[in-house]
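Heads up: numbering here begins at 1 and tracks the sequence.
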Amino acid sequence: MSILDKLFGKKKPSLEDDIHSACEWVVNALNVSGYNADYSLESMKEIDRFFDEQSGEDGIISRNRGQIIFALASYIGETVIRLYGGKWSGSDEMNMSVELDGGTVIFPTQRAMKRYQNGSEDSIYAYVYVLGPHEASAESHT
């Protein structure tokens with residue numbers, strides 16, 4: 001932060017600052033509302049449940065869709081980073097992405113929008129689950 005920023009106010013928050021603020025907000029809001037948002041893979045089922053319960057005309061998402069979708073996408077991306085490693089990248093809310101340690105790139109905002117528009121066929125849990133390492137079954141399939 002430059003001396004002018006110190007004298008005349010804070011510097012503008014970065015996209016990553018906005019992501020972390022939105023993530024904190026949505027975790028608190030979800031937990032207070034009876035959803036378990038703890039950055040686990042299982043919490044992605046809670047995100048799916050939230051979409052199922054709050055996507056209708058009278059649902060919370062319809063009241064402030066942009067902010068809520070951004071906050072949910074922030075939580076989804078942050079959960080992926082905590083589970084599988086990676087980092088945030090991108091230049092704006094619609095194109096923010098997570099680059100996983102293995103090089104895979106995902107776009108949480110676009111996925112959250114698809115979940116809102118298409119329903120359970122675009123499950124967040126399934127989306128995050130397939131990103132992770134999974135051990136092969138010990139049984140032989142013949």
Side-chain angles (χ1 to χ4, degrees), residues 1-139 141:
M1 183 180 278
S2 75
I3 190 84
L4 293 176
D5 289 331
K6 289 180 183 177
L7 291 174
F8 296 110
K10 285 179 22 177
K11 79 177 184 181
K12 184 180 176 191
S14 68
L15 177 59
E16 197 161 341
D17 292 335
D18 289 344
I19 289 168
H20 291 294
S21 294
C23 203
E24 287 178 30
W25 175 81
V26 82
V27 165
N28 290 331
L30 288 168
N31 286 329
V32 166
S33 300
Y35 299 91
N36 182 27
D38 63 0
Y39 299 100
S40 67
L41 178 60
E42 286 298 306
S43 74
M44 297 297 100
K45 291 179 182 177
E46 294 288 281
I47 299 302
D48 280 327
R49 182 168 70 95
F50 179 82
F51 274 109
D52 291 340
E53 294 174 355
Q54 302 299 330
S55 290
E57 286 182 27
D58 297 328
I60 292 170
I61 297 173
S62 67
R63 295 183 208 150
N64 197 355
R65 183 174 47 223
Q67 182 180 13
I68 293 172
I69 294 288
F70 174 73
L72 290 167
S74 297
Y75 176 74
I76 294 163
E78 190 63 26
T79 299
V80 168
I81 290 169
R82 291 180 185 201
L83 290 173
Y84 308 130
K87 64 182 178 181
W88 286 104
S89 61
S91 58
D92 60 56
E93 289 93 4
M94 279 306 293
N95 295 310
M96 67 184 196
S97 61
V98 170
E99 183 177 341
L100 298 172
D101 289 343
T104 300
V105 177
I106 64 165
F107 296 87
T109 304
Q110 293 174 13
R111 186 54 177 215
M113 287 295 293
K114 281 182 162 185
R115 179 61 171 90
Y116 175 71
Q117 293 168 344
N118 300 332
S120 61
E121 72 184 61
D122 281 313
S123 166
I124 299 299
Y125 174 79
Y127 179 68
V128 174
Y129 177 83
V130 299
L131 295 171
H134 302 285
E135 293 185 28
S137 173
E139 296 179 23
H141 298 288

Inset, instruction - Decide yes or no for Tyr84 and Leu41: does some side-chain heavy atom of the first lie under 4.5 Å from some side-chain heavy atom of the second? - result: yes
Legend entry - Interatomic distance, Arg115 atom CZ to Phe51 atom CZ [nearest 0.5 angstrom]: 7.0 Å
Inset, instruction - Measure up the Tyr35 and Phe50 rings against each other and bin them: parallel (under 30°), tilted (30 to 60°), perpendicular (over 60°). - result: perpendicular
Inset, instruction - State the CD1-CD distance between Ile19 and Glu24, to the nearest 0.5 angstrom. - result: 12.5 Å
Legend entry - Asn95 side chain vs Gly90 backbone, donor-acceptor pair below 3.5 Å: no
Legend entry - For the student: nearest non-hydrogen atoms of Ala126 and Ser123, plus distance: N-OG, 3.1 Å
Legend entry - More than 12 heavy atoms from other groups under 6.0 Å of CG on Asp101: yes
Legend entry - Test item: Ser62 side-chain N/O and Glu57 main-chain N/O as donor-acceptor pair under 3.5 Å: yes
Inset, instruction - Taking all non-hydrogen atoms of both residues into account, name the closest pair between Asp58 and Arg63 and its distance. - result: O-NH2, 3.3 Å
Legend entry - Validation row: Val98, Glu78 side chains within 4.5 angstrom (heavy atoms): no
Inset, instruction - State, without any angle test, whether Glu121 and Asn118 hold a side-chain donor-acceptor pair at a distance under 3.5 Å. - result: no
Legend entry - Minimum-distance pair of heavy atoms, taken over all atoms of Glu99 and Val105: CG-CG2, 4.1 Å
Legend entry - Close side-chain approach of Pro108 to Tyr75, heavy-atom, < 4.5 Å: no
Legend entry - Residue pair Glu42, Asn36: steps toward the side chain to side chain contact (heavy atoms under 4.5 Å, CB included) verdict: CA-CA 9 Å; Glu42 286 298 306; Asn36 182 27; over 6 Å; no
Inset, instruction - Rounded to the nearest 0.5 Å, what's the gap from OG on Ser33 to CD on Glu53? Could you check? - result: 10.5 Å
Inset, instruction - Indicate yes or no for a side-chain donor-acceptor contact from Ser40 to the backbone of Ser43 under 3.5 Å, with no hydrogens or angles considered. - result: yes
Legend entry - Over all atoms of both residues, closest heavy-atom pair of Arg111 and Ile124: CG-CD1, 3.8 Å
Legend entry - Tyr39 side, atom OH; Ile76 side, atom CD1 - distance, nearest 0.5 Å: 12.0 Å
Legend entry - Tyr127 and Ile106, any side-chain heavy atoms less than 4.5 Å apart: yes
Legend entry - Polar side chain donor-acceptor pair, Asp18 to Ser21, under 3.5 angstrom: no
Inset, instruction - Provide the closest heavy-atom pair for Ile61 versus Ser55 in the form atom of the first, atom of the second, distance. - result: CD1-OG, 3.8 Å
Legend entry - Point-to-point distance, once rounded to the nearest 0.5 Å, from CD of Gln67 to CZ of Phe70: 9.5 Å
Inset, instruction - Compare all side-chain heavy atoms of Lys45 with those of Arg49 and state whether any distance is below 4.5 angstrom. - result: no
Inset, instruction - I would like to know whether Ile47 and Tyr125 meet side chain to side chain contact (heavy atoms under 4.5 Å, CB included); could you show each step before the answer? - result: CA-CA 8 Å; Ile47 299 302; Tyr125 174 79; over 6 Å; no
Legend entry - Beyond-backbone contact of Leu15 with Trp88, side-chain heavy atoms, under 4.5 angstrom: no
Inset, instruction - Could you tell me whether the side chain of Thr79 reaches within less than 4.5 Å of the side chain of Met44, counting heavy atoms only? - result: yes
